[in-house]
Amino acid sequence: MPHNHHEGHCSHESNDNDHDHDHGTSDLGPNDNLFPHIDSANVVALNATREGSVVVKPWNQRNDEEAFLESDADDQLIIRIPFTGSVRLRSLLLKTGPGDQTPTKVALFSNQPSMDFNDVSDKASVQEFDIPQDRNIAEYAVKTAKFNNVSSLTLFFPASQGADTTRIYYVGLLGHWTERKSDPVITLYETQANLADHERIQGTDGNFSTTPS
């Protein structure tokens, strides 16, 4: 996998070239930073010592190492990230480590909002990335065509690189967000009753007269 460093940032390119990049940045980060569109209150981490939302940070806190997420009983970790709308994902940003606490890889699953450790062995991930030991933030460019219309993203870290636990400092996401549209409620009205659609009323022979008596 191509792997480039520049200004403290590491980029891992996907072999899929069907995505476009928006390199504009501000104090809020890249113009396509999805942080404002993450449902942070409902981010869930499984087998973790803290709530998953501690690593879903705003751009200006991406290098902060005081707040981190660490696995608990062993070195496996799941983070479930819901969005407030529909997302076309472009890249995953990660800051992990240090050293042997770096995950070996990350597996991405889309639209699996209740996935747990029992599910990961039964479901195929949409895409996986190997994670090098590096204290910089790494960008992993996803196969965008496979991450259209995403309402939630699940990250599975299957193992550390030798330590008893896995540690994550920062999770960021880049892409395009659109408001989720509710399906319209369509009400059908009968212009004329069709007797075949209704049960026969007891005590009648099913023949009704429309002529006033």
Could you check whether any side-chain heavy atom of [X] comes within less than 4.5 Å of a side-chain heavy atom of [Y], counting everything from C-beta outward?
X: Phe156; Y: Leu108; result: no
X: Val55; Y: Tyr169; result: no
X: Ser160; Y: Gln101; result: no
X: Glu128; Y: Lys105; result: yes
X: Val126; Y: Lys143; result: no
X: Leu92; Y: Val106; result: yes
X: Tyr140; Y: Leu93; result: no
X: Gln61; Y: Tyr170; result: no

List the steps, then state whether side-chain contact (heavy atoms from CB on, under 4.5 Å) holds for Leu94 with Ile131. CA-CA 9 Å; Leu94 289 176; Ile131 301 177; 3.9 Å; yes
Checking Thr84 now: which residues fulfil side-chain hydrogen bond (donor to acceptor under 3.5 Å, both in side chains) with it, not counting sequence neighbours?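 Partners of Thr84 under the side-chain hydrogen bond (donor to acceptor under 3.5 Å, both in side chains) test: Trp177.
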Sequence neighbours left out, what passes side-chain hydrogen bond (donor to acceptor under 3.5 Å, both in side chains) with Glu65? Give chain and number order. Lys95, Arg135
For the atom pair [atom1] ([X]) and [atom2] ([Y]), what is the distance rounded to the nearest 0.5 Å?
X: Arg88; Y: Asp32; atom1: CZ; atom2: CG; value: 11.5 Å
X: Met115; Y: Leu155; atom1: CE; atom2: CG; value: 11.0 Å
X: Thr102; Y: Gln133; atom1: OG1; atom2: CD; value: 4.5 Å
X: His176; Y: Thr144; atom1: NE2; atom2: OG1; value: 12.5 Å
X: Asp72; Y: Leu46; atom1: CG; atom2: CG; value: 11.5 Å
X: Asn148; Y: Leu89; atom1: CG; atom2: CG; value: 10.0 Å

Under 3.5 Å, is there a donor-acceptor pair between the side chain of [X] and the main chain of [Y]?
X: Arg80; Y: Val43; value: no
X: Thr166; Y: Pro103; value: no
X: Gln76; Y: Pro158; value: yes
X: Lys57; Y: Gly172; value: no

Answer yes if [X] and [Y] sit in the same cluster of Ile, Leu, Val, Met, Phe, Trp and Tyr residues linked by side chain heavy atoms under 4.5 Å apart, and no otherwise.
X: Phe83; Y: Val142; answer: yes
X: Val54; Y: Leu77; answer: yes
X: Val150; Y: Phe129; answer: yes

Among residues at least two apart in sequence or on other chains, which ones pass ring-ring contact (aromatic ring centres under 6.0 Å, His included) with Phe35? none
Phe157 and side-chain contact (heavy atoms from CB on, under 4.5 Å): which single residue from Asp75, Ile79, Ile78, Leu69 fits?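 It is Ile79; the other options fail the test.
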Qualifying salt bridge (charged side-chain N to carboxylate O under 4.0 Å, His left out) pairs with a residue from residues 159-179, counting only residues at least two apart or across chains: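 Listed once each, the pairs are Glu70-Arg167.
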Which pairs, with at least one residue in residues 45-54 and sequence neighbours excluded, count as a side-chain hydrogen bond (donor to acceptor under 3.5 Å, both in side chains)? Asn47-Asp74
Does anything in residues 109-123 form a side-chain hydrogen bond (donor to acceptor under 3.5 Å, both in side chains)? List the pairs, not counting sequence neighbours.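 Sorted result for residues 109-123: Asn111-Ser151.
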